[in-house]
Amino acid sequence: METTDAVRVADAYRQIDVDLGDRSYCVRVGAGVRHSLPELVAAAGARKAVVVSARPAEWTPDPGIPFRALRARDGERHKTWDTVIELCRAFADFGLTRHDVVVSCGGGTTTDTVGLAAALFHRGIQVIHLPTSLLAQVDASIGGKTAVNLPEGKNLVGAYWQPRAVLCDTEYLDTLPDRERVNGYGELARCHFIGVDGIHRLPLVEQITASVARKAEIVMADERDSGPRHLLNYGHTLGHALEVATGFRLRHGEAVAIGTVFAGRLAEALGRIDAARREEHRTVVAGYGLPTALPADVDDGRLIDLMRLDKKAMSGLGFVLDGPRGAELVTEVPEKAVAECLARMPREQ
Ligand code: GLY
């Protein structure tokens with residue numbers, strides 16, 4: 001296996017090692033990597049497995065040990081505490097012990113929910129993720145954040161629980177509807193501004209690898225999101241507000257794309273970057289076929305209220321913004337500057 005800085009390149013796949021001491025794991029990216037599941041399950045030393053899949057049975061390889069298959073459903077609607085309880089009860093019914101393993105196969109909502117059930121069952125059982133959406137491969141399944149939604153808000157109940165391994169099989173992506181694929185590009189576009197300069201010019205498998213490698217680097221520096229991990233939320237302050245304000249009509253990656261364009265405009269308005277760099281935000285996002293304009297029907301005041309609730313902002317308005325030292329968290333951004341930038345954003349017709 002050839003080794004570059006952070007990525008090991010084998011014939012059939014790329015491997016990124018997330019080094020977190022006794023919580024370390026590998027992420028493999030490539031066509032057919034799901035077939036290394038039995039090897040990784042054997043390395044985990046498990047006797048039994050529960051395989052929770054939102055995809056057809058033939059998409060999930062046999063883990064190579066006795067297992068029970070459970071159906072999951074992708075989507076924010078199913079990312080609930082009730083689903084976590086159902087999963088934990090099924091794990092108990094099958095007699096999983098804390099030495100066994102759970103496998104998740106699906107989009108980010110499935111890896112998040114199964115990850116949380118794994119974090120809680122027997123106070124923590126090994127989990128291997130097989131993310132099937134582009135969004136989950138480039139971001140959601142890496143880094144150990146697990147959560148479910150409450151009626152009061154998104155991702156309000158969760159835990160940090162690092163997986164045992166993540167297998168990003170690019171063959172899964174061939175079946176994605178166009179809109180879902182473009183949705184994943186939203187998290188790739190923002191990588192150009194958080195340390196993966198020129199990511200949009202790479203072949204897709206290299207983009208996934210580069211995004212995972214950058215995320216691994218950031219998570220290794222700040223596993224619990226108390227500093228540099230904020231960088232991953234580039235474009236997300238407005239992005240999260242747009243998801244809520246549109247009742248999730250805008251998908252996460254689409255909302256982050258608009259939020260990235262906005263972050264460029266706000267950074268320019270605050271004198272942190274020049275007009276050319278602001279325009280680069282728009283061209284990178286548009287180049288992926290992602291939206292760059294605000295939906296016609298969202299109210300700016302409502303967006304500002306929602307942005308005040310963002311987890312990054314202890315008080316006031318906080319954004320990750322580009323600048324002379326690269327991207328960094330900027331807190332206490334004046335509301336007037338935010339309101340003016342929102343008012344000048346292009347609107348969908
Ligand atoms: N998706 C942002 C994070 O994992 O921190």
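Just follow the structure's listing: the first ligand is 1, and inside any ligand the first atom is 1.
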Practice problem: Flag this pair as yes if the NZ/CZ of R34 is under 6.0 angstrom from the six-membered ring centre of Y172 and inside a 45 degree cone about the axis; otherwise no. | Solution: yes

Exercise. Compare every heavy atom of T111 with every heavy atom of G106, then report the nearest pair and how far apart it is.
Key: O-CG2, 4.0 Å

Self-check item: CZ-CG distance between R229 and L329, expressed to the nearest 0.5 angstrom
Solution: 15.0 Å

Could you give the N/O to N/O pairs under 3.5 Å linking ligand 1 and the protein, each with its distance?
unit_1   : atom_1 : unit_2 : atom_2 : d
ligand 1 : 1 (N)  : D139   : OD2    : 3.0
ligand 1 : 4 (O)  : K215   : NZ     : 2.6
ligand 1 : 4 (O)  : R229   : NH2    : 2.8
ligand 1 : 5 (O)  : K145   : NZ     : 2.9
ligand 1 : 5 (O)  : R229   : NE     : 2.7
ligand 1 : 5 (O)  : R229   : NH2    : 3.4

Practice problem: Measure the spacing between CG of L20 and CD of E223 and express it to the nearest 0.5 Å. | Solution: 4.5 Å

Quiz prompt | Among K48, R164, R47, the one residue meeting salt bridge (charged side-chain N to carboxylate O under 4.0 Å, His left out) with D100 | solution = R47

Quiz prompt | D322: which of I273, T260, V330 passes side-chain contact (heavy atoms from CB on, under 4.5 Å) | solution = I273

